[in-house]
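Only one structure is covered here, and it is reproduced in the block below.
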Amino acid sequence: MASILGIPNCGGVTGTFNSGIPACDLIRSTLYGLIGLDAGVGFSEAETASDAAFITALRTKSRNPRGDRAYPMFVLDNFADITKDRTKATTGNLSNTEITVADAVPGFSFEHRVGEVFHKQLYNAQNAGLTWLLVDKNYAVYGTMRNNEFTGYSTSDFYVGAPKNATGTELAKYPFELIFKSITEFKENSEFFQSSSSIAQISGINSVTLMKNDFTGNVLKMAVIGKGGTNVVQLYDTELSQATAWIVKDSTGASVTVSPAYDSVTQTEALTLSGTAFTGAASGDVFTVNLAASSVLSAAPINMDGYESGGTLTVTKP
Amino acid sequence: MATLIFDNVGFDIDAMKQMSERDFVNTHMPNDAIARGRNEQDRRKYLKSAYAIINPLGKQEEEIKDIEIKDIE
């Protein structure tokens, strides 16, 4: 094969352009959802082999530990393209022809109407270093290729605007903007995946906070408070009564045996603590309490999908 | 770790079958959420029946699999 070393692409045999109309093509529709991805998270060739494979992979990644997680959001209420015009310059002082010197990197503004609590959560995404997949109304997912994986576009700015109160004529607004970083990601290396409405059924994770209600003898009563203040114990009493839903450890990391029971009076999970890690401890010794990882909570036998503890709670043996 | 859900209480089977019936009952009696509203005698009876379900699981390996698949998993 002849080398093309030293030969520029001036069309002809070195060109790649053709003008045939594909038998099947895709027209972009209005944006409908966003999927944030932790840095380095992508979809392999096997995970994009079919819609079912993609949906399964996305569902799994949405419950993965932080750092390896996907964050689906199908809550968009308004969308506008805020991409700037490309920059052009004249070629010289002998003509007025203008050529492009800088592409405009795409940017979008969005609004949601989920509410204050959700909007506050979005602030945490501002400096999270996420990449973003775009999902349109026809459930086509747009992203870019990196290291042979389908992944999100990198961003130069994820800006969450201040919420705006309702007026006599306008509803309240919760704005945020997404400005991408690389034009190459969005043009030459852009890729799409045609998914289905099933993708919109994948929700994000709700963070919950553990609160001690009472600790007497070997019985620790715990409330589990979701964002917005709802005690989710009353919603998931059976699920949280699985022993594998709870992790209690002593200061050395040794596991305490837990028998959780739903307390309908205090609407808490009443954890009976046993095992040598607990019985051998003295009054005043410190223990940590936490829920199992989100992936464990989501799976059988617990089946409490879409929740994650915001962190361990430290309690002292009475 | 397999859990036995017995009347809205989750028992860690592996850990519980290491206990004697007396230890099992005495460990769980202070938890007033277990068998709430019953008198002490009935609560002890309840816990003994829970232990009776857990204990054979530790002794008969073949039955463990059956019960785990049908009732627990």
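So that the names make sense, note that chain A is the first sequence line, chain B the second, and so on, each numbered from 1.
A/D51 and A/S196 are linked by a side-chain donor-acceptor pair at a separation below 3.5 angstrom, with hydrogens and angles left out of the test.
Under a cut-off of 6.0 angstrom, the local environment of NZ in A/K317 is crowded, with over 12 non-hydrogen atoms contributed by other residues, nucleotides or ligands.
Annotation: B/F11 is not in aromatic contact with B/F6 [ring centroid separation under 6.0 Å not met].
Scanning residues 33-51 of chain B against chain A with a 4.5 Å non-hydrogen threshold yields B/A33, B/I34, B/R36, sorted by number.
At a threshold of 4.5 Å between non-hydrogen side-chain atoms, the residues A/W246 and B/D12 do not count as touching. With a 4.5 Å cut-off on side-chain heavy atoms, A/D250 and A/D285 do not count as touching. Contact annotation: the side chain of A/I199 approaches that of A/I35 to within less than 4.5 Å [non-hydrogen atoms, C-beta and beyond].
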Intermediate values then yes/no, salt bridge (Lys or Arg N to Asp or Glu O under 4.0 Å), A/D305 and A/R59: CA-CA 11 Å; A/D305 186 42; A/R59 184 172 284 120; over 6 Å; no
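Here salt bridge (Lys or Arg N to Asp or Glu O under 4.0 Å) pairs that include residues 264-283 of chain A, with residues two or more places apart or in two chains, number zero.
For A/L240, no part lies near chain B; criterion is any non-hydrogen pair under 4.5 Å. Within the 4.5 angstrom heavy-atom criterion, no atom of B/D7 approaches chain A. If you measure heavy-atom distances from A/N218 to chain B, the contacts under 4.5 Å come from the side chain alone. Only the side chain of A/T257 comes within contact range of chain B, with heavy atoms under 4.5 Å apart.
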